[in-house]
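Presented below is the structure to which this report refers.
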Amino acid sequence: MRRLSRFNLVSLALGLAFLYVPILILVVYSFNGSRLVTVWGGFSTRWYAALLEDLPLQEAALTSLGIAFVSASAATVLGTLAALTLTRLGRFRGRLPFAAMVYAPLVMPEVITGLSLLLLFVAVGFERGVVTVTIAHTTLTLCFVAVVVQSRLASFDRSLEEAAMDLGCPPLKTFLTVTLPVIAPAIAAGFLLAFSLSLDDIVIASFTTGPGATTLPIRIYSEVRLGVKPEINAVCTIFIAVTAVVVILASLISRRTERPAAG
Amino acid sequence: MRRAFVPRDDLDKPMVRFDAVTRRFADVTAVDQLSLDIREGEFFALLGPSGCGKTTLLRMLAGFERPDEGRLLLAGQDIAAVPPWRRPVNMMFQSYALFPHLSVAGNIAFGLKQERMPRREIKARLAEMLRLVRLEGLNKRKPHQLSGGQRQRVALARALAKHPKVLLLDEPLAALDKKLREETQYELMALQDRLDTTFVIVTHDQEEAMTMAHRIGVMNHGRLAQVGTPAEIYEQPCSRWVAGFIGDVNFFDGTVDAAGVDGVVVADTAGRRFRAAGTAGIQAGTKVALAVRPEKILLTTAAPDAAAMPVNTVAGKVADIGYLGDLSLYKVRLDDGTVVKASVTNARRFAASDIGWDDTVWLSFAPDAAVVLTE
Ligand SMILES: Nc1ncnc2c1ncn2[C@@H]1O[C@H](COP(=O)(O)OP(=O)(O)OP(=O)(O)O)[C@@H](O)[C@H]1O
Ligand SMILES: [Mg+2]
């Protein structure tokens with residue numbers, strides 16, 4: 001291995017510091033004994049205990065988890081179907097526009113996605129709330145699932161399916177017993193990605209939510225506007241931990257699928 | 001080489017019959033008006049250069065491609081409309097196509113489960129197959145935990161597990177190294193003898209086809225150039241192309257000078273005259289090519305004595321020597337510049353040393369060693 005020069009070390013340290021010092025400060029201060037956010041008052045877990053009594057915050061967390069679960073599930077099904085269509089139907093007419101449309105939300109500014117969804121919901125007279133946020137998050141995350149699953153399907157050996165059919169397995173059963181299990185890790189990774197994206201989103205959620213439904217990021221944001229409370233640090237730390245676990249899980253699973261499929 | 005194959009099924013009802021089958025892709029005709037019968041219990045090899053349509057032919061039998069024209073019969077029944085999952089035919093894929101999420105046992109039993117075979121029978125069949133391909137004890141492994149040779153055996157066992165009427169093998173040994181490939185060739189032959197299943201194998205390795213098959217179909221541009229036993233194809237090629245494709249050969253182009261009952265005399269373009277035996281029905285004046293295999297040419301360093309001067313003798317200078325271990329290949333340049341290849345078995349160690357570059361040598365071959373080709 002090449003040794004890092006002093007210059008490399010310094011730039012690495014600076015880069016990492018730039019990325020993680022703010023988060024580190026947040027995590028450290030979530031264990032602050034003092035009520036004042038900027039003054040260190042010794043180690044304490046009292047803000048975590050305080051969370052247990054903050055019912056609105058807990059409710060917001062539950063709402064977020066629910067939305068994340070349902071929208072990620074829907075996005076996984078739709079995204080997988082889109083990926084299958086894109087890889088399997090060959091060069092059908094309109095494949096390119098379809099592919100572009102599936103992937104557009106990847107690069108579309110969230111404000112625009114959020115605003116257009118808001119306009120749509122208003123136009124059709126849909127009452128805004130948990131359902132609209134869920135639909136919006138499905139729209140947002142579907143393309144991420146499609147990308148992950150499509151890249152797995154692109155390297156999928158079609159002769160596996162032919163072998164199954166050759167051995168007496170009809171096409172639908174072949175899909176369920178061979179194709180799906182082989183691409184399952186990619187689908188799971190797509191689901192986890194969609195889940196964490198939905199959990200983190202604030203822009204689209206604030207455009208499409210209604211009075212009754214407050215997601216966790218929205219709740220945190222509105223509380224912070226009145227001044228940073230130590231409880232918020234604690235909640236954010238938990239949030240970071242959950243997201244990190246989900247993302248790491250997703251990357252571990254997708255790494256497993258990329259291992260050359262022996263066969 | 002195989003023992004002679006004796007067909008036992010009805011001549012009008014072969015196991016497989018291609019009847020003027022054509023398959024086109026956008027701009028290529030992969031299989032062109034091809035007719036072929038394969039008999040029950042036969043080991044048939046399809047041999048041909050890359051892109052000649054071998055895989056397409058096999059995939060039509062398996063049901064993955066449909067013929068555009070012509071009929072495809074299996075045991076007397078037209079199977080054009082039967083989907084792959086209902087055909088009593090199994091295929092061993094070139095890439096093996098083992099299911100990565102299933103164990104060895106799961107892979108081999110996959111086909112049996114599809115036909116809802118009772119658990120007990122599946123177990124028995126699985127044990128039988130594992131024994132057959134000598135993989136006992138590995139049934140719990142996943143494909144990625146196996147060596148290349150073991151994977152190849154699993155693929156074979158999986159394709160044989162359903163006791164298909166015809167087993168299709170698409171370049172089954174291409175991924176193995178030479179030693180293992182030769183071993184596996186003999187195993188496959190022994191297996192086929194024992195199971196008595198019809199095997200259709202695709203290969204581009206002519207030695208492999210010659211070793212294993214009862215009959216070989218040599219394909220070119222979607223058509224069968226010749227069908228016959230390995231010896232027929234090698235010793236009586238029907239065209240210049242087949243003679244050149246299988247093994248090494250020397251050609252002398254010329255015209256038939258005189259035709260008689262016991263053979264013809266061919267005068268080649270350089271004025272040499274050769275005798276060839278056993279060529280009934282060729283008229284004098286026909287343009288022909290005389291094909292002689294290098295191993296059928298006798299190479300001598302001393303001039304044959306004039307009285308006993310055998311027919312078909314030419315003199316030349318050694319232009320190149322290829323030492324292959326078991327034999328040496330001499331390229332001899334004749335007066336007119338024609339290069340003739342002759343091979344000599346190295347029966348003694350270091351025997352090659354008495355013929356050197358630029359030595360004058362005499363080449364001769366018997367009249368029945370030459371094949372007269374009109375195509
Ligand atoms: N699905 C397809 N679409 C278009 N052309 C095809 C398709 N399959 C085969 N071909 C063409 O048909 C011809 C015969 O192909 P085939 O795969 O049968 O050749 P092969 O004899 O098996 O060659 P190889 O020894 O290289 O495997 C080739 O020209 C190939 O390009
Ligand atoms: Mg091929």
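Note on naming: letters A, B, ... go to the chains in the order of the sequence lines (proteins, then strands), and numbering restarts at 1 for each one.
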Please determine if A/Arg88 forms a cation-pi arrangement with A/Phe175, meaning its NZ or CZ atom is less than 6.0 Å from the six-membered ring centre and no more than 45° off the ring axis.
no
Can you tell which part of B/Arg158 gets under 4.5 Å to a heavy atom of chain A, answering side chain, backbone, both or neither?
both
Part of B/Val154 lying under 4.5 Å from any heavy atom of chain A
neither
Looking at every non-hydrogen atom in both residues, tell me the closest pair between B/Pro164 and B/Thr197 and how far apart they are.
O-CG2, 3.3 Å
Can you tell which part of A/Thr177 gets under 4.5 Å to a heavy atom of chain B, answering side chain, backbone, both or neither?
both
Between B/Phe199 and B/Phe43, how do the two ring planes meet: parallel, tilted or perpendicular, split at 30° and 60°?
tilted
Could you tell me whether A/Arg158 and A/Glu161 have a side-chain N and a carboxylate O separated by less than 4.0 Å?
yes
